[in-house]
Amino acid sequence: MATALRLARRGLYTTDPNPRVGCVIADSEQVYGYGWHQRAGAPHAEIEALRMAGESARGKTAYVTLEPCSHHGRTPPCTEALLEAGIRRVVVAGEDPNPEVSGNGISRLTDAGLEVQRGLMSQAADELNPGFLMRMRAGRPWIRIKSATSLDGRTALNNGDSKWISSEASRRDVQRWRARSSAILTGIGTVLADDPSMNARISEPVTQPVRVVADSNWRTPADSRILENPGKAFIAGRQDLPVPEGLASSDAICLPLPSSEGVISLAALMTELAEMELNEVQVEAGAGLCGALLNARLVDEILVYQAPVLLGSGGPGPFAFGPLESMAQRTHLKVLETIQIGGDTRIRLEPEFRL
């Protein structure tokens with residue numbers, strides 16, 4: 001199963017909107033076939049492994065990181081392929097919460113007389129597909145906020161200059177987190193101040209994330225770089241305001257959303273993104289949008305690159321909310337991981353309300 005999980009990671013940047021899945025066909029320590037899902041529409045991991053194993057698959061065990069599908073989607077059902085190949089036993093790390101699968105794959109195999117074991121290394125398997133699992137279970141994507149801060153908690157100088165707080169090594173690492181994401185979400189303030197591209201720049205093959213701008217008042221310039229790059233770009237604005245002609249005639253896809261107190265509903269935005277089959281959303285935005293997501297409890301993970309520098313008074317922090325009236329109102333975070341990236345420290349955290 002550990003080998004199957006390593007294989008699944010090979011699809012980390014390319015499988016959207018499908019989950020990352022690996023499969024190994026073996027008998028004791030002898031491996032006869034292996035494979036991983038590479039992209040939507042391509043053969044699933046089980047099919048790749050069965051093709052490699054050929055007739056040797058008969059009577060063997062298939063180790064799969066996610067419950068085999070039992071329905072016709074973009075590809076035929078994997079359960080039938082496993083049965084036709086004569087697999088006698090299937091070990092599954094995690095069940096697929098997709099309503100079209102959700103236990104049906106395992107039931108199909110057990111009903112046919114196969115031995116099925118579930119739950120082996122399930123936590124590691126879930127960590128490969130947080131967005132897919134969240135979308136299937138909660139109807140929204142997995143939301144990760146990325147921030148680069150100084151040691152004194154600033155994300156920019158008082159005059160707004162923020163290039164560069166983190167090291168080149170950290171910025172390369174961010175590109176990999178972008179590459180595994182289905183979408184990059186930013187706010188109109190960042191677009192107007194920095195005119196970012198918000199694409200994933202890595203050497204490996206990658207399904208580029210879509211770009212999303214939270215822009216309640218439809219202020220995104222039609223010639224913004226975020227709209228000019230290849231791929232889809234969405235502008236989310238208030239449905240009670242007209243879309244400017246220049247923006248409406250651009251390549252942007254406008255998403256009119258309900259609003260409250262002059263700003264769009266972030267919950268409605270996340271529902272829209274889930275309906276587009278977007279799994280992981282990486283937020284690279286200013287303190288206002290990040291704070292609003294945190295207040296709405298729409299944050300699953302926070303990725304902080306802390307540089308050993310001091311930026312002094314007056315600069316913004318990563319989150320704007322409050323002010324709080326007592327220490328009891330603090331937002332507690334659980335540290336999941338701390339590692340060194342170049343001279344910086346990368347801290348991965350989980351908000352307490354998810355625990």
Side-chain angles (χ1 to χ4, degrees), residues 1-98 101 103-110 112-133 176 179-180 202-207 279-280:
M1 187 61 77
T3 300
L5 288 165
R6 286 194 295 271
L7 289 165
R9 287 193 64 85
R10 297 189 183 185
L12 194 64
Y13 306 140
T14 58
T15 63
D16 258 19
N18 291 353
R20 299 115 182 181
V21 182
C23 178
V24 173
I25 294 172
D27 185 14
S28 186
E29 295 182 0
Q30 179 65 49
V31 173
Y32 294 91
Y34 58 84
W36 68 94
H37 184 47
Q38 299 181 30
R39 66 184 183 279
H44 287 187
E46 299 94 319
I47 306 305
E48 294 282 9
L50 289 171
R51 286 177 178 174
M52 180 180 289
E55 287 300 315
S56 299
R58 190 163 300 278
K60 305 304 188 298
T61 297
Y63 297 85
V64 193
T65 61
L66 190 68
E67 177 182 2
C69 65
S70 55
H71 67 292
H72 283 270
R74 293 180 175 91
T75 59
C78 293
T79 51
E80 304 312 303
L82 291 167
L83 293 174
E84 291 172 9
I87 291 291
R88 68 171 178 84
R89 176 171 171 257
V90 178
V91 181
V92 176
E95 293 186 22
D96 189 339
N98 183 342
V101 182
N104 295 326
I106 290 174
S107 295
R108 175 71 181 101
L109 296 174
T110 56
L114 271 67
E115 177 188 352
V116 178
Q117 178 185 343
R118 69 188 81 180
L120 180 63
M121 302 185 74
S122 60
Q123 181 176 345
D126 286 355
E127 289 172 355
L128 267 176
N129 294 297
F132 177 80
L133 299 176
R176 296 194 170 277
R180 66 171 288 165
I202 62 171
S203 58
E204 295 98 319
V206 57
T207 300
N279 293 330
E280 295 182 30

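In this structure, T3 and Y34 have side chains that are not in contact, with every pair of non-hydrogen atoms separated by 4.5 Å or more. P43 is listed as a side-chain neighbour of R51, based on a closest heavy-atom distance under 4.5 Å. Taking 4.5 Å as the limit, some side-chain heavy atom of E46 sits within range of a side-chain heavy atom of V64. Contact of the E95 side chain with the I106 side chain is registered, since non-hydrogen atoms from C-beta on lie closer than 4.5 Å. You'll find the side chain of L50 reaches within 4.5 Å of the side chain of I87, heavy atoms only.
Remark: A124 engages L5 in a side chain to side chain contact (heavy atoms under 4.5 Å, CB included) (not counting sequence neighbours).
Between the side chain of E67 and the backbone N or O of D96, at least one donor-acceptor pair lies under 3.5 Å. Using a distance-only test at 3.5 Å, with no hydrogens or angles considered, a donor-acceptor pair links the side chain of T14 to the main chain of Q38. A donor-acceptor pair under 3.5 Å is absent between the side-chain atoms of N129 and the main chain of D126, judged by distance alone. Judged by distance alone, with hydrogens and angles left aside, the side-chain atoms of H37 form no donor-acceptor pair with the main-chain N or O of G22 at under 3.5 Å.
Going from atom CD1 of I25 over to atom CE of M52 covers 9.5 Å, rounded to the nearest 0.5 Å. The structure places OG1 of T65 at 10.5 Å from CE of M121, a figure rounded to the nearest 0.5 Å. Rounded to the nearest 0.5 angstrom, T79 OG1 and E84 CD are separated by 9.5 Å. Separating the CD1 atom in I47 from the NE2 atom in H44 is a distance of 8.0 Å, to the nearest 0.5 Å. Note that CZ of F132 and OG1 of T15 are 9.5 Å apart. Values are rounded to the nearest 0.5 Å. The distance from atom CG of L66 to atom CG of L133, rounded to the nearest 0.5 Å, is 7.0 Å.
Shown here for V101 and S70, the closest heavy-atom pair between the two residues is CA-OG, 4.5 Å. The nearest pair of heavy atoms linking A93 to S122 is O-CB, 3.2 Å. The two residues A40 and P17 have their closest heavy-atom pair at CB-CD, 3.9 Å. Taking every heavy atom of both residues into account, L7 and W36 meet most closely at O-CB, 3.3 Å. Across all their heavy atoms, R88 and D27 have their closest contact at NH2-OD1, 4.3 Å. Here the shortest heavy-atom pairing between Y13 and P205 reads CB-O, 3.7 Å.
The local environment of OH in Y32 is crowded, with over 12 non-hydrogen atoms from other residues, nucleotides or ligands closer than 6.0 Å.
Counting only residues at least two apart or on different chains, the salt bridge (charged side-chain N to carboxylate O under 4.0 Å, His left out) pairs with a member in residues 14-25 are R20-E280.
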